[in-house]
Participant: 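To start, I am sharing the structure in question, which I have written as structure tokens.
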Amino acid sequence: MSEGTRPKGTSHGLRRRLAVGTLALAVAWLAAGCGGDGEKPIIRIYDGQWETLWINNAIATFIIENGYGYPVEAVVATTFVMEERLPQGEIDLNLEGWQHNIPDWYRDEIAKGTIVNLGTTYEGSAQVFIIPQWVAEQYEIRTIFDMQDHWELFRDPQDPSKGVFFNCIIGSQCADVNKVKLEVYGLARYYNPVSPASYAGLEETFARAQERGEPIFGYYWSPSPYIAAYDWYVLEEPTYDADCYQQVVAAANAASPAPDQACAYATLPIDALAYSGLEGKASDVFEMVQKMDVGLEPLNQTLVWAKEQMIEGWEEAGVFYLRNYEERWRLWVTPEAHEEIQIALEAAELTRG
């Protein structure tokens, strides 16, 4: 993942932009969670700079700060930096582990006991190669291999001898995986992979092409409002196979040559990963995240609301979720935390909606 430009409203520390109401509430929070002998440690949450993670971080931050009295700090980092810092306790939580993209690291750190899997944050993620639906229909494109014959539609303005494949952002594991897949699918000779500096840049590129009616080819994922907002065609790939995918990842990590075959990404739940020392540092937070099942449909609805309202901060999306899905999150928290969160929600302000 990238240390790309953070959209408006996602500045350092998710808590800073959310208005929590009265001075009395602020004083109560400080008395409970900060200052003197009762000061609680900072909970550091990984920020890989994509929308669903911003929302999940905002939900968790609001709960942890207002329900349990811990200060929270967002740590902006690439995937590779997260891999270094989470096992060392310099990051406490990664609410979207995507561990199937980094299986060797995940397996090794789990075996060493440096990290723990706290369970599913939401179900049913997907990573896919897409083109606009109208392009697929007009040119009868169905499979990833068909893209060999249509590279001219996606011509690279910087290198007209090839097309452009819009890849994961700079510094992300999926960018390397996709390069291997392009090579194995016979597409590396036809397309230049281009990685934007941020997920916001990738989103803007796809949205601009759709709005202009221009062909575009690249990698994307769901849940995402951009998948829902436009008509996309998901290119058919060979069916996911665990052994096949492991060989692709090994090649992406430069541990072996490109394999003879590649395959689609797995469609798997997204889990929360934690530094193993978090349980001793903040056992109540550890237990809460173990129960934190945000859910795919509520997450999608929150994404849609955030885009429609053009919110000024992802903290507001967290408040929207908490106000609309109490039946889910109340099961994650203690009765005492639930009461404090409700008070904070009543005081919280949304700029829209």
Side-chain angles (χ1 to χ4, degrees), residues 1 12-16 18 20 26 28-49 53-99 102 105-122 270-294 314-315 318 322 329-341 344:
M1 304 300 175
H12 181 67
L14 286 169
R15 64 190 183 282
R16 293 188 179 179
L18 187 63
V20 293
W29 183 86
L30 288 169
C34 295
D37 296 334
E39 183 174 356
K40 292 188 176 183
I42 296 171
I43 305 300
R44 295 180 172 87
I45 299 182
Y46 168 63
D47 179 359
Q49 296 280 282
L53 185 57
W54 281 325
I55 291 175
N56 288 318
N57 284 355
I59 294 167
T61 295
F62 197 96
I63 290 173
I64 293 168
E65 289 190 335
N66 294 289
Y68 294 93
Y70 293 85
V72 176
E73 177 181 303
V75 179
V76 178
T78 65
T79 300
F80 302 114
V81 173
M82 182 278 297
E83 290 176 335
E84 294 177 356
R85 300 183 70 178
L86 187 67
Q88 297 174 2
E90 295 175 5
I91 295 174
D92 296 299
L93 280 171
N94 177 356
L95 293 173
E96 293 194 18
W98 292 82
Q99 69 272 13
I102 42 178
W105 171 85
Y106 175 75
R107 182 176 56 252
D108 291 347
E109 298 303 334
I110 287 286
K112 289 188 287 188
T114 58
I115 67 170
V116 291
N117 188 319
L118 297 185
T120 298
T121 302
Y122 61 89
I270 298 302
D271 294 343
L273 307 180
Y275 168 56
S276 58
L278 178 63
E279 186 171 17
K281 176 179 179 179
S283 61
D284 43 3
V285 172
F286 188 91
E287 292 171 6
M288 185 278 291
V289 178
Q290 283 183 309
K291 301 174 183 177
M292 185 180 166
D293 183 357
V294 173
W314 290 99
E315 300 87 346
L322 292 167
W329 65 262
R330 73 179 302 154
L331 301 177
W332 316 339
V333 303
T334 64
E336 296 78 13
H338 178 265
E339 183 177 352
E340 294 299 321
I341 294 164

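All heavy atoms count here, side chains included; hydrogens, waters and symmetry mates do not.
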Participant: Can W329 and H338 be said to form a side-chain contact (heavy atoms from CB on, under 4.5 Å), step by step?
Facilitator: CA-CA 9 Å; W329 65 262; H338 178 265; 3.5 Å; yes

Participant: Please examine the side chains of D47 and W54, heavy atoms only from C-beta on, and report whether any two atoms are closer than 4.5 Å.
Facilitator: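 Sidechains of D47 and W54: in contact.
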
Participant: Of all residues at least two apart in sequence or in a different chain, which pass the side chain to side chain donor-acceptor pair (under 3.5 Å) check with D284?
Facilitator: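 So D284 forms a side chain to side chain donor-acceptor pair (under 3.5 Å) with Y70.
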
Participant: Restricting to non-hydrogen atoms, name the atom on M82 and the atom on P87 that form the minimum distance, rounded to 0.1 Å.
Facilitator: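 Result for this residue pair: O-CD, 3.9 Å.
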
Participant: Under 4.5 Å between any side-chain heavy atoms of L322 and I63, yes or no?
Facilitator: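 Yes, their side chains come closer than 4.5 Å.
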
Participant: Check the pair E83 / I102 against side-chain contact (heavy atoms from CB on, under 4.5 Å), numbers first and verdict last.
Facilitator: CA-CA 9 Å; E83 290 176 335; I102 42 178; 3.1 Å; yes

Participant: Can you tell me how far CD1 of I91 sits from CD of E84, rounded to the nearest 0.5 angstrom?
Facilitator: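 Those atoms lie 10.0 Å apart.
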
Participant: Kindly write out the residues that satisfy side-chain contact (heavy atoms from CB on, under 4.5 Å) with N117, not counting sequence neighbours, or none if the list is empty.
Facilitator: Q99, Y106, D271, L273

Participant: Please check this pair: side chain of S276 against backbone of T114, looking for a donor-acceptor N/O pair closer than 3.5 Å.
Facilitator: yes

Participant: Counting C-beta onward and ignoring hydrogens, is there a side-chain heavy-atom pair between E339 and E336 closer than 4.5 Å?
Facilitator: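 Heavy-atom side-chain distance check fails, nothing below 4.5 Å.
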
Participant: With a 4.5 Å limit on heavy-atom distance, are the side chains of L93 and L118 in contact?
Facilitator: yes

Participant: Keeping the roles fixed (side chain from W314, backbone from I55), state whether a donor-acceptor pair exists under 3.5 Å.
Facilitator: no

Participant: When rounded to the nearest 0.5 angstrom, what distance separates CG in D108 from NZ in K112?
Facilitator: 6.0 Å

Participant: Determine, step by step, whether T120 and V294 satisfy the side-chain contact (heavy atoms from CB on, under 4.5 Å) criterion, reporting the C-alpha distance in whole Å, the side-chain angles of both residues, the deciding distance to 0.1 Å, and the verdict.
Facilitator: CA-CA 8 Å; T120 298; V294 173; over 6 Å; no

Participant: With side-chain contact (heavy atoms from CB on, under 4.5 Å) as the test, would you mind laying out the steps for Y275 and I115 before giving the verdict?
Facilitator: CA-CA 5 Å; Y275 168 56; I115 67 170; 5.8 Å; no

Participant: Could you tell me if E96 and Y122 have a donor-acceptor pair between their side chains, going purely by distance under 3.5 Å?
Facilitator: yes

Participant: Taking all non-hydrogen atoms of both residues, which atom of A282 and which atom of I43 are closest, and how far apart?
Facilitator: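 Where A282 meets I43 most closely, the heavy atoms are CB-CD1, 3.9 Å.
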
Participant: Taking the side chain as every heavy atom from C-beta outward, state whether Y68 and V333 have any pair of such atoms under 4.5 Å apart.
Facilitator: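 The answer is yes, as the side chains (C-beta and beyond) meet within the 4.5 Å cut-off.
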
Participant: Closest heavy-atom contact between P41 and P71?
Facilitator: O-CD, 3.6 Å

Participant: Would you indicate whether the side-chain heavy atoms of T79 and Y46 approach each other to under 4.5 Å?
Facilitator: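 The answer is yes; the side chains approach within 4.5 Å.
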
Participant: Please answer whether the main-chain N or O of D92 pairs with a side-chain N or O of K281 as donor and acceptor at a distance below 3.5 Å.
Facilitator: no

Participant: Once you round to the nearest 0.5 Å, how far does CZ of F286 lie from CD of E279?
Facilitator: 4.0 Å

Participant: With a 4.5 Å heavy-atom cut-off, do M292 and I59 have their side chains touching?
Facilitator: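 Side-chain contact under 4.5 Å: yes.
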
Participant: Side chains of I45 and T61: closer than 4.5 Å at any heavy-atom pair?
Facilitator: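 Yes, side chains in contact.
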
